[in-house]
Amino acid sequence: MNHGPLQRESPDRLYTVTGGRGGADARALDSVTLIVSECEPVPGMQSEHAAILRTCVFPTAVVEVSAELGLPVSVVRILLLDLLDAGRVAARHPASSVQRAEGHDPETLKQVLLALQRL
Amino acid sequence: MPSNASERRAVPVRAPLATTADNALKIVVVGGFGVGKTTLVGSVSEMRPLSTEEVMTQAGAGVDDISAVRDKRTTTAAFDFGRITIDERRVLYLFGAPGQKRFWFLWNQLFTGSLGAVVLVDTDRVRDSWYAIDRLEHHRTPFVVAVNRFGPGPGLAEVRRALDVSDRVPLVDCDARSRESSRDVLVTLVQHVSGPVHGSAPTSASTPEDTP
Ligand SMILES: Nc1nc2c(ncn2[C@@H]2O[C@H](COP(=O)(O)OP(=O)(O)O)[C@@H](O)[C@H]2O)c(=O)[nH]1
Ligand SMILES: [Mg+2]
């Protein structure tokens, strides 16, 4: 599950994990987009993909997947796009990403305030 | 941060989010090294802060094409985060992000869509906050300034002058080690975001400024 300290990941290793791909579309996944597995790992699957499917049985933010796998966020985004393309995970995007112009809705702000006041 | 490797191994199992969770929110705590970002996040988080990294080129840009990772000139920016469950659908993530100029790429992506930011200030190193405040104002991201008191230091009015922030920006004292104090900083931010000011056009008449 944990691939060890990030500091020891060699650049070549990161390159291999993502098959040397990349691109601007990786940005479409916010750092807090919640990822949910849609299936179980299958035999022969790339180990990072299998680890993501195990991690995301419950909704898990992109940054949590990154921390869990011990891989940088940008690498995890690319791995997640593979799984999204294959329909193996679903992405629940933050409401803020679609409502940016109007800001956050008042009900959300109110609920956040109430939750903080309960701390 | 050098201590991350040993910390990561000791992180306890995260309690999973509810299966109904579908709307994650963000607040970013930004400040210089050692100012108390991780402490503040940990004080209010429902889990011990997790740390992770983003890859950047040494010029501070993001990695568009992951093959750039092969380039030896890439570096990583570490950041950490905690979490507060709001209700069955909403969850708030709190990020602690380094404030130095070379990390702008990292916090640009964290600020996008965030509720707002907390600029955490050490009165001995007020200048460390100038760049972050400048970028937040430029992006019109609502923010509050919290002075993490490590000991005696200048009063809030003096800090406000040194930072050169408008009277519309809430400025508060805090002790990042205290859950109540850290919570109050976040409450101040959310109230600020909810208010009529909202980090946008000056509407000074309605400013609920609480500093003397
Ligand atoms: N005296 C005092 N120490 C603090 C306070 N907040 C944080 N510290 C300590 O300062 C050090 C750096 O804090 P940390 O949260 O790791 O800073 P970061 O680099 O901004 O994440 C730690 O040893 C903390 O225990 C505070 O309010 N008062
Ligand atoms: Mg820290």
Answer with side chain, backbone, both or neither: which region of B:Ile84 has an atom nearer than 4.5 Å to a non-hydrogen atom of chain A? side chain
Does the side chain of A:Asp82 pick up a donor-acceptor pair with the side chain of A:His49 at under 3.5 Å? yes
So which residue, B:Leu186, B:Asp184, B:Val91, B:Leu115, ends up with the most heavy-atom pairs under 4.5 Å with chain A? B:Leu115
Quick test of your reading of the model: are B:Arg83 and A:Glu64 salt-bridged, counting only N-O distances below 4.0 Å? yes
How about residues 16-27 of chain B versus chain A: which residues have heavy atoms under 4.5 Å apart? B:Pro16, B:Leu17, B:Ala18, B:Thr19, B:Thr20, B:Ala21, B:Asp22, B:Asn23, B:Ala24, B:Leu25, B:Lys26
Side-chain donor-acceptor pair under 3.5 Å between B:Arg90 and A:Thr108, yes or no? yes
Are any of the side-chain heavy atoms of B:Val172 and B:Val145 separated by less than 4.5 Å? no
Nearest heavy atoms of B:Ala97 and B:Val28, plus distance in Å: CB-CG1, 4.2 Å
Pair A:Thr60-A:Glu68, side-chain donor/acceptor within less than 3.5 Å: no
Sub-4.5 Å side-chain heavy-atom contact between B:Val187 and B:Leu189: no
Taking C-beta and beyond as the side chain, do B:Arg183 and A:Gln117 meet within less than 4.5 Å on heavy atoms? no
Using non-hydrogen atoms and a 4.5 Å limit, figure out which bit of B:Leu92 sits close to chain A: side chain, backbone, both or neither. side chain
Close approach to chain B in residues 31-39 of chain A, criterion heavy atom under 4.5 Å: A:Ser31, A:Val32, A:Leu34
Inspect the contact between A:Arg88 and A:Glu40 and indicate whether a charged nitrogen and a carboxylate oxygen are less than 4.0 angstrom apart. no
Checking A:Pro106 against chain B: side chain, backbone, both or neither under 4.5 Å from a heavy atom? neither
Please determine whether a side-chain nitrogen of the Lys or Arg among B:Arg177 and B:Asp175 lies less than 4.0 Å from a carboxylate oxygen of the Asp or Glu. yes
Under the side chain to side chain contact (heavy atoms under 4.5 Å, CB included) test against A:Val73, which residue among B:Thr52, B:Thr76, B:Leu110, B:Val55 passes? B:Thr52
